[in-house]
K.L.:
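This is the structure, below, for whatever I ask next.
In this text, all values refer to a predicted model and were calculated from it rather than measured experimentally. Note on naming: letters A, B, ... go to the chains in the order of the sequence lines (proteins, then strands), and numbering restarts at 1 for each one. The figures here come from the full heavy-atom set of this structure, side chains too, leaving out hydrogens, waters and symmetry mates.
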2 protein chains.
Amino acid sequence: MSIALRLHDAIEQDIATGVLAPGMRLDEMMLAGRYQVSRTPVREALRQLAATGMVEIRLRRGAVVATLGPNQLYEMFEVMAELEAMCGRLAARRATATTRSGLLAAHEACRKAIADPDDYYAANETFHQSIYRMAGSVFLMEQSLALQKRLRPYRRLQLRVGTRVSRSCEEHEVIVQAIARGDGAGAAEALRDHVVVQGERFADLVASLSELKVAELNAA
Amino acid sequence: MSIALRLHDAIEQDIATGVLAPGMRLDEMMLAGRYQVSRTPVREALRQLAATGMVEIRLRRGAVVATLGPNQLYEMFEVMAELEAMCGRLAARRATATTRSGLLAAHEACRKAIADPDDYYAANETFHQSIYRMAGSVFLMEQSLALQKRLRPYRRLQLRVGTRVSRSCEEHEVIVQAIARGDGAGAAEALRDHVVVQGERFADLVASLSELKVAELNAA
DNA sequence: ATCAAATGTCTTGTATACAAAGACAAACAG
DNA sequence: CTGTTTGTCTTTGTATACAAGACATTTGAT
């Protein structure tokens, strides 16, 4: 494994966990110092992250953690919903014994983690990933995982709001049942509604966004 | 504009047009020589291309133009179909006077280019892009454009087959009408069927793939 | 004669050095 | 006092030098 790849993962995780907040400058020297490597692999890692959209590089003005406005976030969730709906539709048709039990296990894990938002956050990701896998399309899975990764820093904040967790788990139940009875259209619709950000949830999203803004200003 | 970006575009175009065929090795020195630059920007360009999936980089074994097997291609067209269907659904709802006339103009251009496969190839891309734009989602448009780019080297060969061109143009007509009457579901379905590779078209795809294989062997 | 091991060359991965471009600040002029 | 201009400083973009791994070829031994 190359140094650049290790850096890529490290920086990506720091962005996902909020150590590197959106809008924060990513000074090459600073990162090189922090991870005890030269500038070259840092640059390569930043380029790769830029290609996936996690960071933004402006010519001769350095790199910053990508900042997503409400519009962009809404659009991304909209696409995510469609991708997941597609996964669900295919999963209902292409389910195998292995993937089926994987989904049930992930669903059970979610129910067990319902008390703690952090635990649920992790279990929820696994649940969705088990649906990606079920769809039986490597490319679709990759795309879904990439977008899931990219939205990670924003989804984190969302789950802290009110009764979101228990609601989410109930929706999972509907999804699981639709897939179980081979109802592709039903699974697609349930997943679309589950993922898309509509109505009051959009307000929550904007609210959590301004929280990020504050953190960002503190850092600067 | 940086040298690396220019190289990125140049190499991308060479891949799209078949100058650099799938499977071909991309020696850094060779490319540096060909474009009269140093190795560094070549490396950066290759990394970016790797991030978008156009080239594949194996650790200490260099870069090659990404080779897509029949499975992968089928999966990618499947996702592309879904993305375009989504574009169509949104386009039918969010159409404006500007985007509407853009679509009609692109459709007309396709009809004029029906005689020559190369002209039609270009006009067809513009037609689809005008639908992406119509959907009114920057992110969705970016995703669609990226996938369109990535499939470019494979779609080229496809249009040479038989009566594909005139068939394609008729399908465009159906799509345009569905969007015009605000029928989101109809537009989505028409686009899905238009893009997805099914039945005999899959055989055509595999056939064109083996053509590529031959070209690749000749190059090596 | 054939197979295996070792060496040499080729290519990539990493580091450092150098140049150019922007941003910020200070000083001078109106 | 304010605005503009110039100079310096910071930071990125590019090039070159160095190191390490992989592959091929050749040679020696069985």
K.L.:
Before accepting this row, confirm whether a basic side-chain N of the pair B/E125/B/R155 lies closer than 4.0 Å to the acidic partner's carboxylate O.
P.N.:
no
K.L.:
Anything under 3.5 Å between a donor and an acceptor, one on a side chain of residues 138-148 of chain A, the other on a protein residue two or more places apart or in another chain? List them.
P.N.:
unit_1 : atom_1 : unit_2 : atom_2 : d
A/S144 : OG     : A/L140 : O      : 2.8
A/Q148 : OE1    : A/Q129 : NE2    : 2.9

K.L.:
Between A/H128, A/R89, A/H194, which is the residue that forms a side-chain hydrogen bond (donor to acceptor under 3.5 Å, both in side chains) with A/E84?
P.N.:
A/H128
K.L.:
Indicate yes or no: does B/R39 engage B/D27 in a salt bridge with an N to O separation below 4.0 Å.
P.N.:
no
K.L.:
Which heavy atom in B/R25 sits nearest to a heavy atom in B/G62, and how many Å separate them?
P.N.:
NH2-CA, 4.0 Å
K.L.:
Which whole-number value in Å describes the distance from B/E28 CD to C/dC10 P?
P.N.:
16 Å
K.L.:
For residues 45-68 of chain A, pull every pair meeting salt bridge (charged side-chain N to carboxylate O under 4.0 Å, His left out), keeping only residues two or more places apart or in separate chains.
P.N.:
A/R47-B/E44
K.L.:
Can you list the residues that meet the ring pair (Phe, Tyr, Trp, His ring centres under 6.0 Å) rule with B/F127, with sequence neighbours excluded?
P.N.:
B/H107, B/H172
K.L.:
Mind listing the residues from residues 39-59 of chain A sitting with a heavy atom below 4.0 Å of DNA chain D? Number order is fine.
P.N.:
A/R39, A/R43, A/R47, A/L59
K.L.:
Nearest nucleotide by nearest heavy atom, which residue falls closer to the 5' end of DNA chain C, A/R61 or B/D27?
P.N.:
B/D27
K.L.:
If we check side chain to side chain contact (heavy atoms under 4.5 Å, CB included) with A/M134, which of these qualifies: A/T98, A/T99, A/T96, A/L90?
P.N.:
A/T99
K.L.:
So B/S137 and B/Y132, side chain to side chain donor-acceptor pair (under 3.5 Å) or not? Walk me through it.
P.N.:
CA-CA 8 Å; B/S137 168; B/Y132 307 160; over 6 Å; no
K.L.:
Five pairs at each end of the helix from C/dA1-D/dT30 to C/dG30-D/dC1: take the axis at both ends and give me the angle between them to 10°.
P.N.:
0°
K.L.:
Ignoring hydrogens, what is the shortest heavy-atom contact between B/Y154 and B/L68? Give both atom names and the distance.
P.N.:
OH-N, 3.3 Å
K.L.:
Go through DNA chain D in 5' to 3' direction and return only the first and the last nucleotide with some atom under 4.0 Å of chain A's heavy atoms.
P.N.:
D/dT11 to D/dT14
